[in-house]
Amino acid sequence: MNLEELSGLPPGAIDHFQREGIEELYPPQAAAVEAGATDGDSLVAAVPTASGKTMIAALSMLSAIERGGKALYIVPLRALASEKKAEFEAYEEFGVTVGVTTGNYESTSEWLATKDIIVATSEKVDSLVRNGADWLSDLTCVVSDEVHLIDDRNRGPTLEVTLAKLRRLNPGMQVVALSATVGNADEIADWLDAALVDTDWRPIDLQMGVHYGNALNFDDGSTHEVPVEGSEKQEAALVRDILEEGGSSLVFVNSRRNAEAAARRLGQVATREISDDERAELAGLAEAIREDSDTETSADLADCVEQGSAFHHAGLSSTQRTIVEDAFRDRLLKVISATPTLAAGVNTPARRVIVRDWRRFDPSAGGMAPLDVLEVHQMMGRAGRPGLDPYGEAVLLAKSHEDSQELFDRYIWADPEPVRSKLAAEPALRTHVLATIASGFARTREELLEFLEATLYASQSTEAGRLETVTETVLQYLESNDFIEREGGTEPTDDAASAFTSAADLATQQSSQGDERLEATSLGHTVSRLYLDPMSAAEIVHGLEDADERPTALGLYQLVSRTPDMYELYLRSGEDDTFGELFYEREAELLGDAPSEYEDDRFEDWLAALKTGKLLADWASEDDEDRLTERYKIGPGDLRGKVDTAEWLLGAAESLAAEIDSEWTVAVREARARVEHGVGEELLELVSVGGVGRKRARRLYEVGIEEPADLRSADKGVILSALKGAKTAETILENAGREDPSMDGVEPVTSASGGDTAASSRGSETPAASERDDDSQSSLGDF
DNA sequence: TTAAGGAGCATGTAGACAGCATGTC
DNA sequence: CTACATGCTCCTTAA
C-alpha cells in the first residue's frame, strides 16, 4: 500500500513521512490500515520487533487526532518513554503536540490536557486514573506497546487493569495493542474486542542458527564456517567473524558477572578493528563514564569501552546505560555483552545477536531453568538494523551435538508461549482492588466483580470461582487493615474466605453479598493515591504506631526496606552473621516486631532489609559511592535505585504519618531528606541551597559555615577555600541570597582565620556520621 | 627461578515501575 | 527435580 492512499491523517503528515523516506507501507502496516487502524477501529498487532509497529501506532494516533481526538501511548519503561517522545516530537512540524509523563519526569496534569499525544508508563497511567486526571476521559485512542508484558508477574496486572479502566472510562475508544509474536494473540484481540494482525513478516531477513564446533548452522539449512581458534570462546569467534565484515554484535548472558567478564574478553577482539579516530572518541566516552561515577564497575566499564566493547546490566547508572546504547547505535562500540535488560529496553539492533546463555538461575526451579521462548525471541529480534544490514543473524551456542538439536527444537522451530494473565495473584489483586474501590470504579462487591470480569484474567480463567475467592481474601485483608469499610450484605464468615468454598456456596454468597457496599477509608484513599502496595502501607503504619520514641534514621530505613515495594538486597553467605550481629546491636531502633530467629525465612528477610537499611544509613552518613558499591557488592545503578526508592517510600511514609496523626512526621521527613541528599542531619540546611550537594555542604561545614545564613555573612575567602572555583562559589552565594555574590579579587583563606566560627577539625576522610550511626561504623567496618 | 597453564574447589546468580516538587560535583 | 562460569589456590611444567 502506498502512503498516498492513506486518508484521514493531519495535513502535512504524509509529506513528513515521505521526507523521512517512507513511500510504501510494510505489509503488516497495510494490514493494520485495512483492519481499520486509521478509522478508529481497535487492533492487536502481533508482529516481530523492528517491523514497523511504531508506524501502526503513529497512523492510528494521528488519524484519531485529525478527527479531533486525543491519544495516549503506554510504554513499559521510562527509557522507552523518552525514546518515543523524541520520535513523536517530529510531528510538531505539522502541529501535533506531544507530552510525556513518568514518575521522575513530571508534567502537571493540566499541561498534559493540552497535548495531542501523551506518552506514559503503565504505572503512571494507573496513577493518573487513581488521581482522577480529567483529560483521561477525552482519550479516543490508546496505544499499548509491548502488551505481551501482561504476562509479567510483577507489572503485568497493572497494565491489564489500566487498560480495562481506560476502556470503561471511554467506551468507544480505539485500542491499539502492539505485541511481540506470542502464542495467543487472538485471545488478546478477543479480550479487547479488536481486529488481529498476526504475522512473522520482517523488513529484513532474520537468520537463526546454532553454533557448534567450528560451524554455524542456520535454520534454512545453510552452514557457515566459524572456527574457534586456540583458547578463545565460541562467542569470541563469532564476534570476530562478523566484525571482519564490519558488523557489530550483541551477546546475551545470564548474569552481571558473566556480562562483565565477557566484555573484558571481547574487548581483546574488538580493539583490533578500531580506527584511530574511533579510539579517540571511545577514550572520550570512557572518560565520561568514569566521571559519571567513581566506582569499580565504572572503571571496568570504561576500560572495556576504550577497547570498543561494553557490558550492559541494571548495575550501571542510567547515564552509563545511555552512553553505551548510543555508542553502540553509532557503531563506535563493536560489541555489547548484556543481561536480558537490553532485550526489553530501547532499540539497540546489531548485525549478529549471540544468545550465549539460554539457562538462568531460578531458585524456584531449584537451579537453572531454560529461558522462555518469547524471551529468547525478543533477544534474537534485536538482530539486523533496517537500512544498514543486509540481514540479521541470531545465534545460539551449543556445546554438544545434542545441545544443538535441543536448541533448534526448543527455540528456533518453537512457537512462543501464550500470554497468561497474572491478575489472580494476591499481591496484584490487593493493590488493584483497593485502587478500584478508592477511585470509585466499584462501589459494591457486585460492581467490583463485574469490573474484574472485564479483565483478560476473566476471559482466560478456566477455574471458576478462583477470582472471587482471592478477591474475598483480599477484601478481608483490606478491611482488617482499615483501608476499606464494608457495609450491608451478609457479614463474611470465616469460611467465606476459605479456599475450600464450593462454587455453589460462592453463588449463594454472591447473591447475599452482592449488594455489599465497599468504601475506601481516608487512609485507603491515601494509600491508593500514593501508589503504595497496601501491604507496604500496612507495614509502615504499624511500624510508626509501634514507635515509642523518635525513630532513628536506620529504624525508618529498615522499615521501608522491608516493604514489598522495595527490592531488598540479597544476603550473601556469611552476611547473616554480620547482620545478625548488627541486628542485636541496633535491635532497639528497629520498628515493629522482629521475627524470631527460629523462623528462618522471615528472619532472613528481616536481616536482608536491615542490610538494605544500613546501606541507606551509610549513604545518609556521607560514605562515598565507591565505598558503598564495594562494601555491598553492588553497582552504581543499584545504589541510585535504592536511594530513589527509599526517597519515594519515605515521602509516602510522611503522608501516612500525617494521615494517622503520628507524632513522628518530622523524623520521617528528616530521614527522607537525608537519604535524598546523602547527608548527615547537620547538613540538611546547607544542602537546601541551590548548587550545594553532599560534598560541598560537608566542605563548607568544615570551615564553619553551618547554615545558609552563614553563606550570606561569612568571609568570602573562607567560602572560596571550601569550594573549588570562584564561579561555583558565586552561583552558590547568589542562590543563598547574598547581596554581593561577586568573588572578584577574593583569595581563598585557608585555616580557620575566617574568624566568627571555628573550623571543624574533622578530616574529609572521616565524614561525620550522625547520631547513633557512629558506633556501628567500627563494629561493621568494611565487612 | 619464574612465568604460564591446568586441576580442583568454593562461590553466587536478571530486572527497576510508583508521590511530590525541583536541581549534584 | 535440573547448571555453570568465574576466580581463587595450589600444583606442575617449560624455559
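Residue numbers begin at 1 in each chain, while the letters A, B, ... track the order of the sequences.
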For nucleotides 8-12 of chain B, which of its nitrogen or oxygen atoms have a protein nitrogen or oxygen under 3.5 Å away, and what is each distance?
residue : atom : partner : partner atom : Å
B:dG12  : OP2  : A:S573  : OG           : 2.7

**Rounded distance in Å - CG (A:N254) to C1' (C:dC4)** = 8 Å
**Request:** Remember a base hit wins even if backbone is also touched, and classify A:R264 as base, sugar-phosphate or nothing at under 4.0 Å, heavy atoms.
**Result:** sugar-phosphate
**Item:** Contact nearer the 5' end of DNA chain B, comparing A:T341 with A:K695
**Value:** A:T341
**Atom-to-atom span, CG of A:L649 to C1' of B:dA16 - whole angstrom** = 13 Å
**Request:** Could you tell me whether A:D533 and A:R430 have a side-chain N and a carboxylate O separated by less than 4.0 Å?
**Result:** yes
**Request:** For nucleotides B:dA16 and C:dA5, find the distance between their C1' atoms and express it as a whole number of Å.
**Result:** 26 Å
**Prompt:** Between B:dT13, B:dA18, B:dG15, which nucleotide has the shortest distance from any of its atoms to the side chain of A:T121?
**Reply:** B:dA18
**Asked** Under 4.0 angstrom, heavy atoms only, what part of the nucleic acid is A:A652 near: base, sugar-phosphate, or nothing?
**Response** nothing
**Request:** Can you run through DNA chain B from 5' to 3' and write each base as (, ), [, ], | or . depending on how it pairs? Watson-Crick or G-U wobble, both distances under 3.5 Å.
**Result:** |||||||||||||............
**Prompt:** With a 4.0 Å cut-off on heavy atoms, is A:R265 in touch with a base, just the backbone sugar-phosphate, or nothing at all?
**Reply:** sugar-phosphate
**Asked** Looking for any heavy atom pair under 4.0 Å, which part of the strands does A:G690 touch: base, sugar-phosphate only, or nothing?
**Response** sugar-phosphate
**Request:** Please tell me which of the listed nucleotides, B:dC17, B:dA14, C:dA3, lies nearest to the side chain of A:F361?
**Result:** C:dA3
**A:E235 with A:R265: basic N within carboxylate O range, under 4.0 Å** = yes
**Asked** How is A:D126 classified with respect to the nucleic acid when contacts are heavy atoms under 4.0 Å: base, sugar-phosphate, or nothing?
**Response** nothing
**Message:** Counting only side-chain heavy atoms from C-beta out, which of B:dC17, C:dC4, B:dG15 sits nearest to A:R155?
**Reply:** B:dC17
**Item:** Pairing of A:R410 and A:D372 as salt bridge, 4.0 angstrom limit
**Value:** no
**Message:** If you define the side chain from C-beta out and look only at heavy atoms, does anything of A:R696 sit under 4.5 Å from A:L723?
**Reply:** yes
**Asked** With sugar-phosphate meaning primed atoms plus P, OP1 and OP2, does A:E676 contact a base, only sugar-phosphate, or nothing at under 4.0 Å between heavy atoms?
**Response** nothing
**Prompt:** Just checking A:T158: base, sugar-phosphate only, or nothing, at a heavy-atom cut-off of under 4.0 Å?
**Reply:** nothing
**Request:** Just call it for A:R321: base, sugar-phosphate, or nothing, with non-hydrogen atoms closer than 4.0 Å on any strand.
**Result:** sugar-phosphate
**Request:** Tell me, please, whether A:W664 has A:R669 positioned over its six-membered ring: NZ or CZ under 6.0 Å from the ring centre and within 45 degrees of its axis?
**Result:** no
**Among B:dG19, B:dA16, C:dA5, the one nearest A:R672 by side-chain distance** = B:dG19
**Request:** Could you please name the option among B:dA18, C:dA5, B:dA16 that lies closest to any side-chain atom of A:R356?
**Result:** C:dA5
**Request:** Could you check whether A:V689 gets within reach of a base, just the sugar-phosphate, or nothing at all, counting any heavy atom under 4.0 Å?
**Result:** sugar-phosphate
**Prompt:** Atom CG of A:L371 and atom C1' of B:dG15: how far apart are they, to the nearest Å?
**Reply:** 13 Å
**Request:** Check the side chains of A:T348 and A:E325 for a donor-acceptor pair under 3.5 angstrom, ignoring hydrogens and angles.
**Result:** no
**Asked** Just checking A:G678: base, sugar-phosphate only, or nothing, at a heavy-atom cut-off of under 4.0 Å?
**Response** nothing
**Request:** Pick base, sugar-phosphate or nothing for A:R359, based on heavy-atom distances below 4.0 Å to the nucleic acid.
**Result:** sugar-phosphate
**Asked** Strictly by modelled atom types, are A:S293 and A:S298 linked by a side-chain donor-acceptor pair under 3.5 Å?
**Response** yes
**Request:** May I ask you to say what A:L77 touches in the nucleic acid, namely base, sugar-phosphate or nothing, with a heavy-atom cut-off under 4.0 Å?
**Result:** sugar-phosphate
**ring centroid sep under 5.5 Å plus plane angle under 30, A:W648 with B:dG19** = no
**Request:** Would you mind classifying the nucleic acid contact of A:V692 as base, sugar-phosphate or nothing, using non-hydrogen atoms under 4.0 angstrom?
**Result:** sugar-phosphate
**Prompt:** Roughly how many Å is it from CH2 in A:W111 to P in B:dT22, rounded to a whole number?
**Reply:** 17 Å
